[in-house]
Engineer: 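Got a structure for you, questions after.
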Amino acid sequence: MQNPDIDIIKTEILSDNWYTLNKVTFTVHKKDGTTETQSREAYDRGNGAVILLYNTISRTIILTRQFRLPTYINGNETGMLIEACAGLLDQDNPEDCIRRETEEETGYKISKVEKIFEAYMSPGSVTEILHFFIAEYSNDMKITDGGGLEEEGENIEVLELSFNDALSMIDTGEIKDAKTIMLLQHLRIKGIL
């Protein structure tokens with residue numbers, strides 16, 4: 001349902017290089033009866049999916065580590081970020097996307113995934129909504145080394161960590177990725193691990 005208090009006047013493409021950066025001009029009809037015209041920039045990179053693999057027997061989880069330029073230019077000295085496996089939908093449904101990304105990035109072939117929620121990660125500037133999943137893994141599901149796709153410039157390290165170590169890494173600042181923190185806290189709150 002469209003918001004009757006918002007009228008989009010104009011959308012201009014500012015950049016269409018990696019993803020699309022739009023400048024949107026719109027009118028807001030306020031509760032006091034007045035209107036106001038505003039402009040905002042919105043970065044459209046498509047929607048995505050993220051998953052946290054966990055093993056209840058070993059009490060371990062699978063994360064990845066890779067270089068993330070935006071963190072590097074904002075003070076992350078190495079640019080390396082520890083995070084849950086994730087990817088853009090690329091016209092797939094969220095479940096198919098996350099199965100594909102899990103295999104590409106981690107090397108684990110999973111079949112059963114559980115969707116736990118959806119969330120906007122940076123709603124003031126990015127249009128993306130993320131679909132959050134969890135899934136159990138076992139060693140027999142490992143079919144490749146993972147690491148991502150070379151043709152996409154991915155160079156991903158796969159990490160198997162104890163659940164308690166991963167939680168401690170939030171406290172020490174070694175894990176700063178919001179989606180990963182949310183998934184770890186979900187497992188903790190639900191008592192899964």
Side-chain angles (χ1 to χ4, degrees), residues 18-19 45-56 58-90 92 94-119 121-122 126 128-188 192-193:
W18 189 252
Y19 300 112
R45 47 177 266 119
N47 295 323
V50 60
I51 192 166
L52 183 59
L53 301 179
Y54 66 93
N55 184 303
T56 54
S58 62
R59 292 187 46 82
T60 54
I61 50 124
I62 300 294
L63 295 176
T64 64
R65 181 178 8 232
Q66 62 183 307
F67 179 77
R68 295 298 198 182
L69 177 67
T71 74
Y72 183 70
I73 61 178
N74 193 28
N76 179 0
E77 291 180 3
T78 65
M80 301 302 285
L81 200 66
I82 296 172
E83 56 189 293
C85 171
L88 295 177
L89 299 186
D90 294 332
D92 279 342
E95 292 84 3
D96 289 342
C97 165
I98 205 57
R99 284 186 190 93
R100 178 191 72 238
E101 289 293 330
T102 300
E103 190 171 329
E104 289 173 7
E105 291 188 8
T106 71
Y108 286 90
K109 186 172 184 71
I110 57 170
S111 56
K112 183 181 174 195
V113 298
E114 179 185 349
K115 185 171 181 180
I116 53 175
F117 54 81
E118 298 175 4
M121 298 303 293
S122 189
V126 181
E128 179 185 35
I129 192 165
L130 274 180
H131 302 265
F132 284 73
F133 294 90
I134 56 174
E136 286 198 67
Y137 78 94
S138 60
N139 291 338
D140 63 329
M141 295 177 178
K142 184 85 166 163
I143 60 168
T144 70
D145 290 336
L149 298 177
E150 190 173 319
E151 61 268 21
E152 292 182 9
E154 295 177 322
N155 183 22
I156 298 168
E157 180 185 357
V158 181
L159 307 172
E160 184 174 37
L161 303 168
S162 80
F163 181 62
N164 289 335
D165 285 349
L167 290 174
S168 294
M169 292 169 78
I170 297 170
D171 295 335
T172 63
E174 293 171 86
I175 294 179
K176 292 184 178 181
D177 176 64
K179 64 188 179 297
T180 304
I181 293 169
M182 292 166 71
L183 284 165
L184 289 168
Q185 294 296 353
H186 176 81
L187 289 187
R188 174 193 248 172
I192 294 171
L193 287 183

Engineer: Around atom CG of Asn155, are there more than 12 heavy atoms from other residues, nucleotides or ligands closer than 6.0 Å?
Structural biologist: no
Engineer: So which atom in Lys179 and which in Ala86 form the shortest heavy-atom distance, rounded to 0.1 Å?
Structural biologist: CE-CB, 3.6 Å
Engineer: Taking Ala84's backbone N and O only, do any of them form a donor-acceptor pair with Thr180's side chain (distance below 3.5 Å, no angle check)?
Structural biologist: yes
Engineer: Might you work through the side chain to side chain contact (heavy atoms under 4.5 Å, CB included) test for Ile143 and Tyr108, ending with a clear yes or no?
Structural biologist: CA-CA 6 Å; Ile143 60 168; Tyr108 286 90; over 6 Å; no
Engineer: Just checking Asp145: does its CG atom have more than 12 heavy atoms from other residues, nucleotides or ligands closer to it than 6.0 angstrom?
Structural biologist: no
Engineer: One pair to check against side chain to side chain contact (heavy atoms under 4.5 Å, CB included): Gln185 and Ile170. What are the steps and the verdict?
Structural biologist: CA-CA 10 Å; Gln185 294 296 353; Ile170 297 170; 4.1 Å; yes
Engineer: Can you check whether Phe163 and Tyr54 have ring centres sitting under 6.0 Å from each other?
Structural biologist: no
Engineer: Hey, does Leu167 have a side-chain heavy atom less than 4.5 Å from the side chain of Arg188?
Structural biologist: yes
Engineer: Go through the steps to decide whether His131 and Leu89 satisfy the test side chain to side chain contact (heavy atoms under 4.5 Å, CB included), and finish with yes or no.
Structural biologist: CA-CA 10 Å; His131 302 265; Leu89 299 186; 4.2 Å; yes
Engineer: Report yes if some heavy atom in the side chain of Val158 is under 4.5 Å from a heavy atom in the side chain of Ile62; otherwise report no.
Structural biologist: yes
Engineer: Looking at every heavy atom in both Ile175 and Ala166, which two are closest together, and how far apart are they?
Structural biologist: CD1-O, 3.6 Å
Engineer: I want to check something: taking the side chain as every heavy atom from C-beta on, are Leu193 and Ile61 in contact at a cut-off of under 4.5 Å?
Structural biologist: yes
Engineer: Inspect the contact between Glu83 and Arg65 and indicate whether a charged nitrogen and a carboxylate oxygen are less than 4.0 angstrom apart.
Structural biologist: no
Engineer: Can you find a pair of side-chain heavy atoms, one from Glu118 and one from Leu130, that are under 4.5 Å apart?
Structural biologist: no
Engineer: Checking side-chain polar atoms at under 3.5 Å, does Asn55 have a donor or acceptor matched by the opposite partner on Ser58?
Structural biologist: yes
Engineer: With a cut-off of 6.0 Å (strictly less than), are more than 12 heavy atoms of other residues, nucleotides or ligands near NZ of Lys109?
Structural biologist: no
Engineer: Check this for me, if you would: do Glu95 and Lys115 make a salt bridge, where the nitrogen-to-carboxylate-oxygen distance has to be below 4.0 angstrom?
Structural biologist: no
Engineer: Could you report the tightest heavy-atom contact between Ala49 and Cys97, atom names first, then the distance?
Structural biologist: CB-SG, 4.1 Å
Engineer: Below 4.5 Å, heavy atoms only, C-beta onward: do Leu159 and Ile82 meet side chain to side chain?
Structural biologist: yes
Engineer: Would you tell me whether Tyr137 and Thr102 have side-chain atoms, one donor and one acceptor, within less than 3.5 Å of each other?
Structural biologist: no
Engineer: Please determine whether side chain to side chain contact (heavy atoms under 4.5 Å, CB included) holds for the pair Leu52 and Leu184, giving the CA-CA distance in whole Å, both sets of side-chain angles, and the decisive distance to 0.1 Å.
Structural biologist: CA-CA 8 Å; Leu52 183 59; Leu184 289 168; 3.8 Å; yes
Engineer: Is there a side-chain contact between Leu161 and Met169 in this structure, where contact means two heavy atoms from C-beta onward sitting under 4.5 Å apart?
Structural biologist: yes
Engineer: Flag yes if more than 12 heavy atoms outside Tyr72 fall under 6.0 Å of its OH atom; otherwise flag no.
Structural biologist: no
Engineer: For Thr71, which of Asp177, Thr78, Asn76 qualifies under side chain to side chain donor-acceptor pair (under 3.5 Å)?
Structural biologist: Asn76
Engineer: Considering non-hydrogen atoms only, spot the tightest contact between Phe117 and His186 and give its length.
Structural biologist: CE2-ND1, 4.3 Å
